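Note sheet for the following structure.
These numbers were taken from a predicted model, which means no experiment stands behind them. Sequence lines set the chain letters: A, B, ... in the order given, protein chains first and strands last, and positions in each chain run from 1.
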Amino acid sequence: MRTRDRLAPWLLMAPALSIAVVFFGLPTLFMARMSFNLRPDERLYVPGFTFEHYAGLISDPLFLAAIWTTVRLAVMASLCTVLLGYGFALLVWLKPARWRLGFIALAVCPLLISEISVIFGWWMFFPRNGLLSFALVSSHLIDDKISLLYTEFAAFVGLVYLSLPFCFFILLSVFDGIDKSLLEASADLCARPLTTAREILLPLTRTGLVVAFAQSFIWTIGSYATPSALGPDTLWTIGYLIQEQMLGKHNWPKAAAFSMVLTAGVALLMVLMRRLMAQRKAFHA
Amino acid sequence: MPQGYALELRGVRRRFGSVVAVDDVTLEVEKGEFVTLLGPSGSGKTSTLRLIGGFEKLDGGHILIDGQRVDHLPPYSRDTATIFQSGALFPHKTVAQNIAYGLRMRGVAEAEVATRVHGILDVVRLSGYADRYPAQLSGGQKQRVALARSMVVQPAVLLFDEPLSALDLSLRMQLRAEIKRLHDEIGFTGIFVTHDQGEAMAMSSRVAVMDRGRIRQIDTPEKVFHEPADEFVFTFIGESSCLPVRIAAGAAFDASGAPVPLKLARPLADGEWRIHVRPFALKFGEQAARAENRLTATHSFVEFLGQFRRHHVRAGDLELFVDVEGDEPPCAPGASLEIGWNDADMRAYRR
């Protein structure tokens with residue numbers, strides 16, 4: 001009986017746990033091992049143990065610049081995503097329930113299209129003869145055709161588009177957990193709408209905002225295809241460097257070391273976010 | 001201001017699509033009055049309250065608070081405060097912060113906010129709870145905080161949106177008495193929405209019985225109970241035994257057309273009628289023999305309900321129940337009984 005009680009939670013977790021271990025744990029472990037292998041010549045790698053790839057990273061200005069570029073792009077895109085997602089989720093939450101399904105269908109749409117197809121869409125949108133240029137010229141906002149393709153701005157827009165649906169659903173679920181009569185109670189006690197937003201809405205959604213930002217950040221910092229396809233050739237993100245080491249220079253240990261730094265950075269961020277959230281008072285007890 | 005009503009509704013209307021939720025409601029509430037809007041769900045009582053609070057937009061008519069038109073003012077510009085059914089306490093604020101909220105929004109000085117918050121906590125008997133969060137309170141305590149939060153701003157009108165309906169029975173009774181005590185002590189003006197006629201009777205200076213968006217009757221609880229304006233009010237305000245009968249040439253028949261042994265002191269005109277009598281006004285045995293109206297019926301079964309027993313009887317198709325205190329009369333199922341009632345206790349409505 002005792003043994004059964006002790007085993008029960010593990011048995012219940014077993015399916016989920018085995019998926020996590022097999023599909024996420026083991027590959028990460030392999031990657032970690034790979035990052036310490038030797039690469040004395042043009043072979044992909046030679047089994048061994050060395051810290052040289054990590055040591056090389058710290059002194060590599062290219063890599064440090066890539067970290068800065070990636071983080072900057074991811075932070076900007078995540079901030080913008082959270083801002084748009086918050087507004088959209090708030091709108092859906094406040095509108096009558098009969099509009100809800102339509103809004104949610106709208107938010108699901110981008111998820112039904114693969115990232116590659118979306119990139120093709122942007123290739124129609126951003127160039128000199130694309131939709132954006134045409135719209136701006138014909139509305140007389142600018143005089144001459146303009147191309148925004150292969151700019152950091154295009155990469156930024158592409159990343160926001162990519163992470164927005166997830167952010168929206170996280171924030172909507174947060175709003176759904178709030179009793180709408182709190183807004184009425186606040187107004188009833190003479191608070192104007194902006195005051196209600198500051199005093200009631202923002203504090204109650206702060207945790208959700210942190211979660212939404214964290215997930216957008218992870219999504220955008222790790223994404224490779226969109227910034228590569230829409231950004232300029234000089235937009236060297238970590239994802240791009242990993243790809244270059246892996247496929248261009250056939251240096252698997254170095255690519256693995258890059259990936260390990262990225263993974264560790266994201267993991268550290270997650271831990272920090274969790275700490276931040278745990279410190280907040282649990283008023284939903 | 002000639003009359004000085006705290007609240008006036010003049011021909012107030014509200015539609016939701018094709019449904020008229022509030023239909024030409026007119027109501028005057030004097031300062032210090034406690035008026036209950038009583039009605040079944042869908043009767044428009046909550047919509048009326050939300051119109052007063054400014055949470056719904058008027059489709060017609062006027063609302064005046066302290067003589068000032070507030071028809072289209074947003075809730076934050078109206079001198080009303082609502083106690084919500086859910087309490088709607090801010091979960092991230094302490095009890096004291098919740099109560100202080102309305103005062104802060106009205107720009108009351110900090111020192112005065114503190115004194116008034118502590119004062120009102122005393123009034124609702126929650127002095128030790130200032131620093132608790134709503135999640136740490138029981139249901140009854142939460143509603144007392146909600147009450148304090150609304151009362152502390154001393155609004156022209158306090159609006160109660162079924163604040164007791166989510167509580168269990170004993171707590172409901174306790175809080176009901178508490179609100180009545182506060183009303184007697186402080187003398188606020190209150191509009192109380194409920195579907196519980198006991199609550200309405202116990203608390204109100206006047207009761208407005210609502211049905212399908214209209215006020216059917218508005219009067220003191222005693223008047224509404226003893227002199228109901230129509231059949232709806234009679235049946236909604238208390239339990240009643242109902243006899244649906246067809247009268248033809250002075251004789252009564254049930255739905256199947258069989259004659260009913262019914263003797264009325266004042267005969268009804270020919271036609272379809274529903275006769276209502278309160279179950280406590282129906283009598284058995286000797287008392288029945290002395291009563292003005294009588295019916296011979298067959299005993300079906302008895303329910304023991306604590307203070308009284310409820311005897312279910314039938315006469316042909318008619319089923320009715322008689323409430324009798326004590327265990328009299330001891331009768332077996334199937335026994336024939338004489339049931340009687342007086343004219344004053346009877347209401348007959350044409351179908």
Applying salt bridge (charged side-chain N to carboxylate O under 4.0 Å, His left out), which residue pairs with at least one partner in residues 158-182 of chain A are found, sequence neighbours left out? A:Arg100-A:Asp176

Between the side chains of [Y] and [X], is the shortest nitrogen-to-carboxylate-oxygen separation below 4.0 Å, so that they form an ion pair?
X       : Y       : value
B:Arg14 : B:Glu56 : yes
B:Lys31 : B:Glu33 : no
B:Asp23 : B:Arg13 : yes

Proximity breakdown for [X] and chain A, heavy-atom pairs closer than 4.5 Å:
X        : answer
B:Phe84  : side chain
B:Leu103 : neither
B:Arg50  : side chain
B:Ser86  : side chain

With sequence neighbours excluded, residues passing side chain to side chain contact (heavy atoms under 4.5 Å, CB included) with A:Leu111: A:Pro165, A:Phe166, A:Phe169

Looking only at heavy atoms and a cut-off of under 4.5 Å, which of A:Leu183, A:Asp188, A:Leu189 has the most pairs with chain B? A:Asp188

Looking at chain A, which one of [options] has the largest number of heavy-atom pairs inside 4.5 Å, strictly under?
options                     : result
B:Ile83, B:Thr80, B:Val153  : B:Thr80
B:Gly87, B:Pro155, B:Ala81  : B:Ala81
B:Gln136, B:Arg104, B:Arg78 : B:Arg104

Give the ring-plane orientation class for B:His183 versus B:Phe188, where under 30° counts as parallel, over 60° as perpendicular and anything between as tilted. perpendicular

